[in-house]
Amino acid sequence: MNGLSWIDWTVMLGTLFTIVAYGVWKTRGTKNIEGYLLGGKESNWWTIGLSVMATQASAITFLSTPGQAYMEGMGFVQFYFGLPLAMIVISTVFIPLYYKLKVYTAYEFLESRFDNKTRLLTASLFLLQRGLAAGITIYAPAIILSQILSIELNYTIFFIGGLVIIYTVSGGTKAVSQTHKQQMGVIFLGMFIAAGFLISYLTDTMSFSEGIQVAGVMDKMEVIDWNFDPGSRYNIWSGILGGFFLQLSYFGTDQSQVQRYLSGSSIRESRLGLMFNGLLKIPMQFFILFVGILLFLFYQFVMPPLHFNAENVEMVKQSEYAIQYEALEEKQQIVFDAKKDLILEFNENPEDQELKSAIQAYHVEEQALMKDSKALILKADPNASTEDDDYIFITFVTNFLPIGLIGLLLAVIFSAAMSSTSAELNALASTTTIDIYKRNIKQDGDEKHYLLRSKLFTFMFGILAIIFAVMADLFDNLIEAVNILGSLFYGTILGVFLVAFFFKKVKGNAVFIAALISQAIIIVLYTLNKYEYINLAYLWYNLIAPGLVIGFAVLIQVIGKEKPIKSK
């Protein structure tokens with residue numbers, strides 16, 4: 001990848017430092033725990049909605065999602081099909097109860113319904129999975145900056161993590177919410193500009209509708225998969241059922257999201273903010289995936305790299321396998337030229353089935369060559385990470401966008417990383433302060449004491465996230481890595497909340513034991529699936545785990561013959 005010009009440096013760093021400075025300035029003078037953790041409960045609905053979206057839309061979204069669409073098509077959008085229904089349930093059931101109890105965290109409610117050990121268990125599960133995810137959200141953009149600038153990866157991790165720590169420690173929830181608005185503005189602007197340039201490049205060769213036809217021929221435009229297959233990661237059934245329970249757990253019980261709408265000035269503002277997110281999220285995700293389809297079409301007429309991770313390519317070309325890799329590139333050029341000619345011919349005869357079949361055959365051959373290139377990279381370095389989906393979008397940005405816009409698109413990626421990471425650190429600190437420190441360690445502190453501890457915990461989790469990022473390896477696909485992490489733990493947490501809401505006769509001991517058993521089963525299922533003893537896509541964990549918690553909790557309650565407990 002090419003180095004950045006001084007203009008790109010100015011645009012990127014100017015954008016990032018402006019956002020940080022704005023967050024620090026806007027939230028100066030926060031003096032109490034409510035102001036720090038809940039932003040003084042002053043947020044309006046659109047601030048809440050943008051903050052909720054920014055929390056979920058990490059840099060991983062803008063790095064991985066276009067690459068995933070490039071490789072696999074539009075099917076990933078099915079992951080979000082359960083979101084609108086989840087927003088309705090949360091707005092109807094969760095929000096009124098949280099406001100009624102005047103809680104700082106979602107897990108406070110569980111003590112009033114069950115007991116402290118159940119509250120502590122769910123808070124700990126949240127801290128575990130969200131703490132790991134915070135490291136990934138820092139790690140993802142750090143990889144890109146490291147390659148572009150040709151500097152040590154760890155330095156870029158420290159840079160991004162340090163920026164987030166500065167304004168999150170300084171201003172708490174209010175700083176997070178205020179900066180989210182600016183960050184989402186930068187993100188939307190950058191992605192629309194990227195899409196505009198891709199469409200402009202495409203229409204120099206063919207019409208937009210012809211391009212969509214070509215993408216369809218190579219199976220990139222299949223949005224909905226109606227086949228019921230538990231081993232398929234993305235189909236309509238896993239999206240609506242598994243996705244619904246994942247979104248219900250994430251938005252209803254994950255403190256990084258709960259804290260966003262608990263900062264609302266009223267129940268109405270919080271509900272409107274969530275519904276705004278529910279209505280806009282699927283179109284937004286569809287658009288980001290479609291940018292990946294536009295990238296795919298762009299590379300039908302511009303020769304793409306055989307492998308998108310430039311460091312891997314450089315490494316293999318300096319190894320004993322250099323000649324073999326160059327031979328693969330020569331074959332790729334031949335296939336690319338032949339396919340390109342057929343695509344241009346197909347645009348003149350879109351009903352010609354022989355042309356469609358020939359294009360599909362060349363596409364399959366192209367994929368086989370990409371697979372062969374990964375095999376050579378592994379021969380040259382068995383420890384290399386060969387998954388390159390996350391490099392596809394940024395390769396286009398750095399090689400084909402004009403000077404100045406490269407800096408803006410990089411600012412998009414880093415803004416997204418900062419937005420999601422700041423919300424995670426804020427939520428981790430809130431949960432640690434309220435659910436662990438204040439409840440179990442020091443119950444008689446004053447406002448200033450808890451405020452200082454909250455800032456200290458924010459700083460500590462920031463450092464831990466940086467450490468985890470330094471130790472992390474690149475997963476197959478970063479956005480899937482975060483979703484898999486969530487799916488391992490969210491279902492159990494959601495199950496505890498569902499028992500609390502709808503099974504009034506179940507007491508704390510029963511649900512606590514049920515949660516432990518269910519979490520153990522999910523980890524076993526994940527391990528069996530990882531080693532291919534079973535074939536079960538991770539989204540189904542979000543449906544299985546709550547069912548296990550409810551079933552075991554009711555069974556243990558009945559066997560134990562405990563007296564019912566009433567909700568407070």
Intermediate values then yes/no, side chain to side chain contact (heavy atoms under 4.5 Å, CB included), Ile165 and Ile463: CA-CA 8 Å; Ile165 288 172; Ile463 297 302; 4.2 Å; yes

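- Using a 4.5 Å heavy-atom threshold, the side chains of Leu498 and Val549 count as separate.
- Between the side chains of Tyr490 and Asn542, not a single donor N or O lies within less than 3.5 Å of an accepting N or O.
- Annotation: side chain of Pro66 is in contact with side chain of Ile288 (closest heavy-atom distance under 4.5 Å).
- Ring geometry, Phe94 versus Phe501: the interplanar angle exceeds 60°, so the pair is classed perpendicular (tilted spans 30 to 60°).
- In this structure, a donor-acceptor pair under 3.5 Å is absent between the side chains of Tyr107 and Gln255.
- The CD1 atom of Ile157 lies 8.5 Å from the CD atom of Glu152; values are rounded to the nearest 0.5 Å.
- Side-chain contact check for Tyr104 and Thr433: no donor-acceptor pair (N or O, by modelled atom type) lies under 3.5 Å.
- A donor-acceptor pair under 3.5 Å is formed between the side chain of Glu108 and the backbone N or O of Thr105.
- Using a 4.5 Å heavy-atom threshold, the side chains of Leu488 and Gln129 count as separate.
- Judged by distance alone, the side chain of Tyr261 and the main-chain N or O of Ser91 form no donor-acceptor pair under 3.5 Å.
- Residue Ile394 comes nearest to Asp390 through the heavy atom pair CG2-O, 4.4 Å, listed as atom of the first residue, atom of the second, then distance.
- Across all non-hydrogen atoms, the minimal contact from Lys507 to Phe114 is C-CD2, 3.8 Å.
- Around the NZ atom of Lys102, the shell of radius 6.0 Å holds no more than 12 heavy atoms that belong to other residues, nucleotides or ligands.
- At a threshold of 4.5 Å between non-hydrogen side-chain atoms, the residues Phe158 and Val470 count as touching.
- Side-chain atoms of Arg260 and Leu274, non-hydrogen and from C-beta on, never get closer than 4.5 Å to each other.
- Remark: side-chain polar atoms of Asp435 are not paired, donor with acceptor, to backbone N or O of Leu120 under 3.5 angstrom.
- Counting only heavy atoms from C-beta outward, the side chains of Ile48 and Ser270 approach each other to under 4.5 Å.
- Side-chain atoms of Gln519 never come within 3.5 Å of backbone atoms of Ile493 as a donor-acceptor pair (strictly under, hydrogens ignored).
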Begin from the C-alpha positions of Thr156 and Leu153 and carry the test side chain to side chain contact (heavy atoms under 4.5 Å, CB included) through to its verdict. CA-CA 5 Å; Thr156 61; Leu153 173 62; 3.8 Å; yes

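- A donor-acceptor contact shorter than 3.5 Å is absent between the side chain of Tyr98 and the backbone of Val103.
- For Phe159, the CZ atom counts as densely surrounded, since its 6.0 Å shell holds more than 12 non-hydrogen atoms of other residues, nucleotides or ligands.
- No donor-acceptor pair under 3.5 Å is formed between the side chain of Thr431 and the backbone N or O of Leu428.
- Annotation: Phe468 is not in aromatic contact with Tyr139 [ring centroid separation under 6.0 Å not met].
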